[in-house]
Amino acid sequence: MATPLREPAPARERTAGPPTPSPRRRRTSRDVWTAALFFLAPAVVALLALRIIPTLSAVGTSIPFGTDRALLSNFSYIFSDPDFLGSLRVTLLFSLVVNPIQIGLALALAVLLTKKLPAVGLWRTLILLPIAVPQAVSAIIWLVLMRPDGPLNGVANALGLPSVPWLVSPDVALASIVIVCSWVGVGYWMTFLVTGIRDIPTSLYEASSIDGANGWQQFRSITLPGLRRPLLFVLVADTVSNLLIFAPVRVLTQGGPQGSTNMIMYDISERAYTLGDTQAASAGTLVLVAIVVVIVAIQFRLLPGKD
């Protein structure tokens, strides 16, 4: 006689919902957040102390609520001041001249130093050396070189050329600042462009060479499109950097001669620390910030970083 089949035991019902994290996992997550806050705290404190709080203080100082001055009177004062308007003109002219020079030279050197040249590492190191020197020290070096009886005019006189009034002529002084800033900046921006060129696949150059493209055609059709994002970064960062130039002007010309190198950062510094007019200096700072934001926004609009 066959034994009856037994029905299988019902499976245990599984509880719905996510599993409860173990105490060890909760402790690990807490440790991660604690470590993250520990490492981020110095950056947050520095951001508050060096950026946010000074910006709010500048806004509060430049807009004197509750005083006998009318609202925004500081802005009307600086925009009626010929010295401040002159510093705006000099700064914009300096940026229009120095930005193409620095970016053009940096791009040319980046393309050249990514080729198979002898001692390319040595040349790259020599070009990058000015970056290791602080701007103030570089300005002092150029101050000695550009003196009326300095080495540059000495070499020119030895070659039968006339002396150049590098720092004492209103027509040449701004060009001297351009030379000093370019000597420091070209190598720095070149490093970003060298990295961008190395990220371009070499197969594109090999395929174009097989098709008979020359160097200029490769540069125009492969290198420039591949460098769109690095070029956008260099353009924006270089523009902001040159709008904030201070040390070379302070060391070489002190804004002279005849205000030909009186850039806006130097003008703001003189108002705040020499004349003691902190309200006008704060208003000038906000004007400078607004100019930087507008110029950067236009650059992003004209040169979008899309692949």
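- With hydrogens and angles left out, the side-chain atoms of Tyr188 and Ser241 include no donor and acceptor closer than 3.5 Å.
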Step-by-step ring-ring contact (aromatic ring centres under 6.0 Å, His included) determination, Trp166 to Trp142:
CA-CA 10 Å; Trp166 294 105; Trp142 281 99; 8.2 Å; no
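- Considering only heavy atoms from C-beta on, Ile295 comes within 4.5 Å of Leu243 through its side chain.
- By the 4.5 Å heavy-atom criterion applied to side chains, Leu85 and Arg89 are counted as neighbours.
- Using a 4.5 Å heavy-atom cutoff, the side chains of Ser208 and Ile222 are in contact.
- You'll find the side chain of Glu206 stays beyond 4.5 Å of the side chain of Asp211, heavy atoms only.
- In this model, no donor atom of one side chain and acceptor atom of the other lie less than 3.5 Å apart for Ser87 and Asn262.
- Remark: Val293 engages Val289 in a side chain to side chain contact (heavy atoms under 4.5 Å, CB included) (not counting sequence neighbours).
- Sparse packing is recorded around OH of Tyr273, with 12 or fewer heavy atoms of other residues, nucleotides or ligands lying under 6.0 Å away.
- Thr261 places no side-chain N or O within donor-acceptor distance of the main-chain N or O of Pro257, the cut-off being under 3.5 Å.
- Taking the side chain to side chain contact (heavy atoms under 4.5 Å, CB included) definition, one finds that Pro148 meets it with nothing, sequence neighbours left out.
- The nearest pair of heavy atoms linking Ile177 to Pro248 is CD1-O, 4.0 Å.
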Run the side chain to side chain donor-acceptor pair (under 3.5 Å) check on Ser73 and Gln279 step by step: do they pass?
CA-CA 10 Å; Ser73 61; Gln279 293 183 348; over 6 Å; no
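- Two residues are said to be in side-chain contact when any heavy atoms from C-beta on lie closer than 4.5 Å; Ile127 and Met190 meet this criterion.
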